[in-house]
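Written out below as structure tokens is the structure these notes cover.
Residue numbering restarts at 1 for every chain, and letters A, B, ... go by the order of the sequence lines.
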Amino acid sequence: MGEKNIKQAIIRRIRAIPRGTVMAYGDVAAAAGFPGRARLVARILSESDGDLPWHRVLRASGQIAFPPDSPLFAEQTQRLRAEGVRVENGRVKLRRSGPDLDALLWAPD
DNA sequence: GGGGTGACAATTC
DNA sequence: GGAATTGCCACCC
């Protein structure tokens with residue numbers, strides 16, 4: 001399998017993240033079928049032209065993956081809040097295996 | 001081929 | 001919850 005396909009699969013997965021929700025780098029990779037490739041997701045996002053919802057991807061801890069004083073940090077925070085996501089102190093509460101909401105957000109393609 | 005780097009993560013203390 | 005450690009993988013020099 002060529003790497004191009006992996007990249008495409010991950011990009012598709014990122015585009016599929018519903019508005020107002022967030023996903024961790026590792027989760028995106030796993031959901032695309034490539035567990036353990038979190039860093040690849042990060043690299044793809046850094047290379048992307050900005051046509052994908054990069055602001056919906058954060059660390060597994062729920063923290064924004066930029067230094068708090070960086071402009072990207074501010075932009076990501078603003079974009080998330082614009083979608084109704086609560087961002088406090090540079091972090092978002094990730095509810096995994098939580099209430100019924102999960103089944104809805106993590107529904108299959 | 002070796003070594004350092006990075007929008008990461010799981011484990012351990 | 002935080003800090004340190006280890007694993008990871010693509011990319012660059």
Side-chain angles (χ1 to χ4, degrees):
Chain A
M1 203 123 102
E3 294 182 7
K4 287 287 189 183
N5 301 25
I6 301 180
K7 202 191 288 193
Q8 272 308 316
I10 290 178
I11 288 178
R12 274 202 309 270
R13 198 62 199 99
I14 294 174
R15 286 219 170 93
I17 302 177
R19 191 177 186 282
T21 73
V22 294
M23 251 177 144
Y25 293 89
D27 289 339
V28 171
F34 307 95
R37 306 284 189 274
R39 283 192 118 136
L40 180 57
V41 174
R43 173 141 186 75
I44 291 172
L45 282 177
S46 68
E47 292 242 332
S48 74
D49 302 339
D51 45 4
L52 23 160
W54 58 271
H55 57 280
R56 295 178 192 152
V57 187
L58 358 166
R59 288 185 178 162
S61 58
Q63 280 213 288
I64 288 178
F66 296 106
D69 52 353
S70 68
L72 281 172
F73 178 95
E75 184 177 350
Q76 184 164 15
T77 301
Q78 182 179 343
R79 283 186 171 220
L80 286 174
R81 281 179 177 157
E83 294 185 354
V85 179
R86 277 206 319 248
V87 186
E88 299 196 22
N89 210 1
R91 54 167 59 174
V92 174
K93 289 196 180 190
L94 300 180
R95 42 204 190 287
R96 263 168 222 244
S97 60
D100 49 358
L101 222 70
D102 272 17
L104 193 69
L105 303 180
W106 294 82
D109 303 331

**Message:** Has A:Gln76 got a side-chain atom pairing as donor or acceptor with A:His55's backbone, closer than 3.5 angstrom?
**Reply:** yes

**Asked** Donor-acceptor pair, A:Arg56 side chain versus A:Ile14 backbone, under 3.5 Å?
**Response** no

Figure out the [atom1]/[atom2] separation between [X] and [N], and round it to whole Å.
X       : N      : atom1 : atom2 : answer
A:Arg39 : B:dC8  : CZ    : P     : 7 Å
A:Glu47 : B:dT5  : CD    : P     : 19 Å
A:Leu45 : C:dC9  : CG    : P     : 19 Å
A:Tyr25 : B:dG6  : OH    : P     : 14 Å
A:Ile44 : C:dC11 : CD1   : C1'   : 13 Å
A:Ile10 : C:dC9  : CD1   : P     : 12 Å
A:Asn89 : C:dG1  : CG    : C1'   : 13 Å

**Request:** Locate the shortest heavy-atom distance separating A:Ala65 from A:Tyr25; write the atom from each residue and the value.
**Result:** CB-OH, 3.3 Å

**Verdict with reasoning, A:Val87 to A:Ile64, per side-chain contact (heavy atoms from CB on, under 4.5 Å)** = CA-CA 9 Å; A:Val87 186; A:Ile64 288 178; 4.2 Å; yes

**Asked** Are side-chain heavy atoms of A:Leu52 and A:Ile17 found at a separation under 4.5 Å?
**Response** no

**Asked** Would you say a side-chain N or O of A:Arg43 is under 4.0 Å from OP1 or OP2 of C:dA10?
**Response** no

**Prompt:** Which parts of residues 49-80 of chain A get close to DNA chain C, meaning a heavy atom less than 4.0 angstrom away?
**Reply:** none

**Message:** Using a 6.0 Å cut-off, check whether atom CD of A:Gln78 has over 12 heavy atoms from anything other than its own residue.
**Reply:** no

**Item:** Rounded C1' spacing from C:dC8 to B:dT5 in Å
**Value:** 13 Å

**Request:** For A:Arg91 and for A:Leu40, locate the closest nucleotide of DNA chain C by heavy-atom distance; then report the residue assigned to the nucleotide nearer the 5' terminus.
**Result:** A:Arg91

